[in-house]
S.K.: 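Sharing a structure below in structure tokens format, with a few things to ask.
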Amino acid sequence: MENNLRILIIEDDKYILNFISLALKTSGFTFDTAKNGIEGMSLFYSNKPDIILLDLGLPDVDGIEIIKSIRLMSDVPILVVSARGQENEKISALDHGADDYITKPFHMGELMARIRVVQRKLKRSLQPDNVEIFKMDCLTIDYERRMVFVDDHEVHLTPMEYKLLLLLVANKGKVLTHNYILKEIWGYGETGDSTSIRVFMANLRRKIEKDKAAPRFILTEVGVGYRFANE
Ligand code: CA
């Protein structure tokens with residue numbers, strides 16, 4: 001099997017590192033390994049991986065801090081490798097932008113299945129086919145350059161805010177539930193907490209809406225979710 005994805009594994013447990021390496025090698029992936037957070041961040045900068053497998057319990061840096069640092073710059077899929085019984089840690093990792101998690105000990109098949117899910121997500125771009133620019137009133141999204149403008153002034157969105165805006169625009173006119181948004185943006189739903197959505201939505205509105213009290217673009221469907229204005 002041929003794969004052109006580059007994977008970064010950040011894991012201090014030698015046994016698990018060897019296990020994952022073997023699994024990835026068997027499936028034809030290119031990968032780099034780091035035994036601590038500093039090394040991991042350095043490889044993230046230098047090799048620009050397509051997927052990151054991250055252990056949260058590292059000897060030098062808290063895995064959550066690594067997720068936070070990466071999310072400031074990139075929306076590269078992060079698959080957290082977590083110990084059993086660390087539910088709070090998993091939720092915190094997802095809240096900070098991890099895409100999914102896998103619980104130790106796991107089977108090779110399960111790891112590969114999770115990587116395939118992330119691979120599919122990478123392929124399924126939110127960008128509509130053959131559309132390079134989205135424009136509605138004062139709002140412009142340049143998909144090609146990943147830039148957003150209000151009245152020709154560039155607004156700086158974090159990767160998560162940008163992802164959220166693209167999801168809303170791709171579904172404009174449709175009500176998106178909290179769970180749907182959680183699932184699409186953070187990769188989980190049902191058990192998710194909608195507080196993080198409210199925070200992200202408030203920040204996004206602050207950046208793109210002229211009148212926060214009467215939003216032009218992002219409309220609230222009370223108790224249900226949000227809808228991007230149809231026209
Ligand atoms: Ca560890």
Side-chain angles (χ1 to χ4, degrees), residues 1 3-122 158-160 163 182-183 185-193 195-196 199-200:
M1 201 204 299
N3 281 298
N4 51 6
L5 291 182
R6 189 174 193 115
I7 301 181
L8 170 61
I9 316 164
I10 310 177
E11 169 69 75
D12 66 321
D13 184 318
K14 230 173 113 188
Y15 174 78
I16 293 176
L17 189 59
N18 286 341
F19 176 77
I20 296 176
S21 300
L22 181 64
L24 295 181
K25 203 181 272 176
T26 308
S27 297
F29 284 100
T30 306
F31 59 91
D32 303 292
T33 61
K35 288 183 284 305
N36 57 58
I38 303 284
E39 214 181 299
M41 282 309 287
S42 140
L43 285 170
F44 161 73
Y45 286 120
S46 57
N47 294 353
K48 301 191 173 41
D50 301 296
I51 300 176
I52 296 176
L53 299 183
L54 174 69
D55 172 28
L56 293 179
L58 295 167
D60 55 346
V61 188
D62 187 340
I64 301 288
E65 295 305 319
I66 294 185
I67 296 172
K68 284 192 209 165
S69 307
I70 290 173
R71 279 292 170 265
L72 290 175
M73 293 166 281
S74 158
D75 54 7
V76 57
I78 301 174
L79 180 54
V80 161
V81 180
S82 170
R84 198 169 290 286
Q86 306 281 316
E87 306 310 314
N88 289 339
E89 205 179 60
K90 283 178 207 161
I91 290 167
S92 173
L94 293 168
D95 281 344
H96 285 100
D99 292 88
D100 199 0
Y101 62 84
I102 185 164
T103 305
K104 297 178 203 175
F106 49 83
H107 295 288
M108 218 180 259
E110 191 188 354
L111 174 66
M112 287 303 137
R114 298 297 176 101
I115 289 176
R116 280 196 297 274
V117 170
V118 172
Q119 253 180 314
R120 275 201 296 276
K121 267 194 207 163
L122 278 175
T158 65
M160 292 300 258
K163 225 167 136 182
L182 281 169
K183 225 190 270 158
I185 303 289
W186 285 271
Y188 63 103
E190 305 302 330
T191 54
D193 176 10
T195 313
S196 46
V199 173
F200 274 93

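Both ligands and their constituent atoms are indexed starting at 1 by order of listing.
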S.K.: Of all N, O or S atoms in Asp12, identify the one at the shortest distance from the Ca ion (ligand 1).
M.R.: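 Going by distance to the Ca ion (ligand 1), the closest N, O or S atom in Asp12 is OD1.
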S.K.: Between the Ca ion (ligand 1) and Asp55, which N, O or S atom of the residue is the nearest one?
M.R.: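 Nearest N/O/S atom of Asp55: OD2.
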S.K.: Taking only Lys NZ, Arg NE, NH1 and NH2, and the carboxylate oxygens of Asp or Glu, determine whether Lys163 and Asp75 approach each other closer than 4.0 Å.
M.R.: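 Salt bridge flag = no for Asp75 with Lys163.
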S.K.: Quick one: list whatever passes side chain to side chain donor-acceptor pair (under 3.5 Å) with Thr103, sequence neighbours left out.
M.R.: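 Only Lys90 meet the side chain to side chain donor-acceptor pair (under 3.5 Å) criterion with Thr103.
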S.K.: Could you list all the ring pair (Phe, Tyr, Trp, His ring centres under 6.0 Å) pairs where at least one residue sits in residues 87-106, not counting sequence neighbours?
M.R.: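 Found Phe19-Phe106.
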S.K.: Could you tell me whether the Ca ion (ligand 1) has an N, O or S atom of Gly57 under 3.0 Å away?
M.R.: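 Yes.
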S.K.: Does Asp13 come within less than 4.0 Å of Lys104, counting only side-chain N to carboxylate O?
M.R.: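 Salt bridge flag = no for Lys104 with Asp13.
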S.K.: Below 3.0 Å, any N, O or S contact between Glu11 and the Ca ion (ligand 1)?
M.R.: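 Short answer: no, not a single N, O or S atom is under the cut-off.
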